[in-house]
Amino acid sequence: MVNKKWNIWYALFLISLLIVVASCSHKTEEKLLNLDMDMYLKHADKDTIYPTPQQIEMLKSVMPKESFQPAPKLADRVYWNAIAESKSGKEYLIKANALLDKKPEVPISDSIYRLANREGNRGIYKPRYYRTMDRLEHFILAECLENEGRFLPQIETYSYSILGMKSWLHPNHDDKNNGVLEGRRVSIDLGARKFGSVLALANYLLEDKLQQQLKEEINRQLQKRIIDSYLQSTKYLDENNKWIKSTSNWNSVCTSGSVLATITNSKNYDERLAVVGSALNSMNYYLSGFGDDGYCSEGLGYWGYGFGHYLYLAQILYDYTEGKIDLFAFNNAEKLKNVGRFPQSFEIQNGTCAPFADGVSSISSKGSNFAYVLSTSYYGAMMPTEIRMEEAAEQLIAWQKPKMFEVSNNIMISEMSGHTYFNDFGMVISRGKQDTPFSIAVKAGHNAENHNHSDVGTYEIFLDTDMITGDIGAPSYRAGAFSPDNKARSSWGHPVPMINNQLQSNGIEFKGIITETKFTEVRDEVVMNILPAYELPMLQTLTRTITNDKSGMGTITIEDQFKATEHVSFGSSIMTLNTYKIIDDTTVILESENHKVKAEIQSEGFTVSIKDVIVPVAHLREGAPAYRIGIEAGKKVKEGKLTITYTPL
């Protein structure tokens, strides 16, 4: 009896053990099916983006044999009728109807293209390009919503107009000899990737609603202009798509469009494998441009644009492979979480932020906020109070994942800390806590950052929402905007020292180093060594100390101290976009729209004089004119100290 009972228990134990083993085996198998990003990147070829044979084999285990389906096709009326009845579907259809009688604005003439290329004049072509793409996107999705054929004539007209363009590039992205326009080469840029994406969506979603001749022409041109061009550049870095190894927004934006067009439109499995494999290698470069702490040297506007397209790429590959390729974590989940939360840590106060490099001075309420929405879902960032999308590809995701795009009426706004320190790039935000907060953002950084302005040591001071003094921001993108001679893009146009009339040098080795920080409730202090930013062998030390005394109305101090082996001239500046009054050589009153701030100048080792000039750049993103209130030492000295103290009035 005992033996029989024991045998029963033993049998039950064995069954339980087999169940556990089977469960563990299933979980192990499931884990193996997901792409190991660390291992994948270890197999990469350091010289090319194209995936190695080992990487291709890894991809075969996670990539489906079928092409990507960005949304149900028009024929799926259950899906599209439900979308058409939704609030966003109805709004989308209203917008599309309002555009229905508009004619395409491309191709532009060769003469306009060449003029735009030569002068960098974006106004004569860029709006035409993007209005054309926006309308075609709306017509495509509206036809899916309505299914009555009303939008088909315009879809065909617009498609043929785009296909008839000699070049899909923004003209200023062509070479000076217009090589793409004249057919000597094929290249992908921010515009071309979107033309390709829109046509790929039309080809997929509308199927036989499009004329066979049009479908064949779309296939032919996507192959030539996007797929072949992209894959050629992944095999060796040619002149066409240099962004493919870039850390800038160009990489994520152009890559996401190239991938969408390929995995949606290409019938060749090996081609789809190669493009996805190349994209993963390319995104390793893109993500290396962020600090581990999430800092984006391109600024908040380009974070939204570039990282938004990275997240779009992450979402379509996640959906395509049923989660087996996870770019939301990539090979560093903690870093990606920090990048996703960058906007809320970069904000200074009341929706303002530092316009360093080609950045912006405020958190925009315009344009797509797709990056914010996905960062909320995947990284726990703060949900925006509204949803704004600019591209059909984003809208398709929103319709398929409506919960992700729901705005809560009870959004909690967390209080910002007294300071934020992005250690990887050397950038600090010191926030005043007064009723009218007086705050400063300061950057060490290096002079090879994306959109570099040769601005090691630059700063920006805000009083409430008013930008008082500091960095004047980016020149508007037009002819000469990116010239090294552009005053707004050099250290001359930034509030940093100038020794022996020499500007900071360019390169990753020319940098600032934060050597000391002290953060308390009432006082923040940052000390940085900015000597490495200059090629001045006689200079022994050059230190900038920034202090934010948060007591009372607040006091912010910028102190520069230097020592040299020989006598040198020394100068600095107060940069502003506001009106101002020079009281004397030691006092300036800065007046913004709502506030006044006094700047007091003190010096040791020399006396100073002030000479103000208008910045000779007519077009600035933050508005012009800008002024440089130059501060110059009266004599050459071996050592000295200059202090500027800012106090609200």
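Everything quoted here is computed from the prediction, not taken from an experiment.
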* Going by distance alone, is a donor N or O of one side chain under 3.5 Å from an acceptor N or O of the other, for Y230 and S278? -> no
* Do any N or O atoms from the side chain of S282 and from the backbone of A279 form a donor-acceptor pair under 3.5 angstrom? -> no
* Any idea which heavy atoms bring D358 and A474 closest together, and the distance? -> OD1-CB, 3.3 Å
* To do: Would you tell me whether E298 and H451 have side-chain atoms, one donor and one acceptor, within less than 3.5 Å of each other?
  => yes
* Asked: Is the shortest side-chain N to carboxylate O distance from E207 to K209 below 4.0 Å?
  -> no
* Asked: What closest approach, in Å, do A371 and G308 show between heavy atoms, and which atom pair accounts for it?
  -> CB-CA, 3.5 Å
* Asked: Around K245, counting heavy atoms of other residues, nucleotides and ligands shown, do more than 12 lie under 6.0 Å from its NZ?
  -> yes
* Asked: Hey, is R114 close enough to E182 for a salt bridge, meaning N to O under 4.0 Å?
  -> yes
* To do: Work out which heavy atom in L74 is nearest to a heavy atom in C144; give both atom names and the distance.
  => CD1-CA, 3.8 Å
* Asked: Does the ring centre of W243 sit less than 6.0 Å away from the ring centre of H173?
  -> no
* Parallel, tilted or perpendicular: which describes the rings of F328 and Y378, with under 30° parallel and over 60° perpendicular? -> parallel
* Asked: Should we say atom NZ of K366 is surrounded by more than 12 heavy atoms from elsewhere, each under 6.0 Å from it?
  -> no
* **Check against side-chain contact (heavy atoms from CB on, under 4.5 Å), Y269 and M63** => CA-CA 9 Å; Y269 180 59; M63 283 262 296; 3.9 Å; yes
* To do: On the 0 to 90° scale, with breaks at 30° and 60°, tag the Y125-Y129 ring pair as parallel, tilted or perpendicular.
  => perpendicular
* To do: Would you mind reporting whether I108 and I124 have side-chain heavy atoms less than 4.5 Å apart?
  => no
* Run the salt-bridge test on K335 and D424 with the 4.0 Å N-O cut-off and return the result as yes or no. => no
* Spell out, as yes or no, whether a donor-acceptor pair under 3.5 Å connects the side chain of N203 to the backbone of L199. => no
* For the residue pair D228 and Q232, confirm or rule out a side-chain donor-acceptor distance under 3.5 Å. => no
* Asked: How about E271 and Q223: does a side-chain donor come under 3.5 Å of a side-chain acceptor?
  -> yes
* To do: Given side-chain hydrogen bond (donor to acceptor under 3.5 Å, both in side chains), test D174 with N117 step by step and report yes or no.
  => CA-CA 7 Å; D174 206 341; N117 176 290; 5.0 Å; no
* **Basic-acidic side-chain contact under 4.0 Å: R220, E216** => no
* **Electrostatic pair R185-D238, nearest N-O below 4.0 angstrom** => no
* Structure fact -> What one should report as the nearest heavy-atom pair of L300 and C353 is CD2-SG, 3.8 Å
* Asked: How are the rings of F342 and F346 set to each other: parallel, tilted or perpendicular (split at 30° and 60°)?
  -> parallel
* Asked: Run the salt bridge (charged side-chain N to carboxylate O under 4.0 Å, His left out) check on K324 and E322 step by step: do they pass?
  -> CA-CA 6 Å; K324 297 181 182 69; E322 298 182 329; 3.6 Å; yes
* **No-hydrogen, no-angle side-chain donor-acceptor test under 3.5 Å, N219 and N265** => yes
* Please confirm whether the backbone N or O of N249 pairs with a side-chain atom of S252, one donor and one acceptor, at under 3.5 Å? => yes
* Can any side-chain N or O of N172 pair as donor or acceptor with the backbone N or O of R122 at less than 3.5 Å? -> no
* How far apart are the closest heavy atoms of R135 and Y158, and which atoms are they? -> CD-OH, 3.1 Å
* Closest contact, heavy atoms only, M165 versus R225 -> O-NH2, 2.5 Å
* Taking atom types as modelled, find out whether N281 and Q55 have a side-chain donor-acceptor pair closer than 3.5 angstrom. => yes
* Ring centroid separation for W399 and Y92, is it under 6.0 angstrom? -> yes
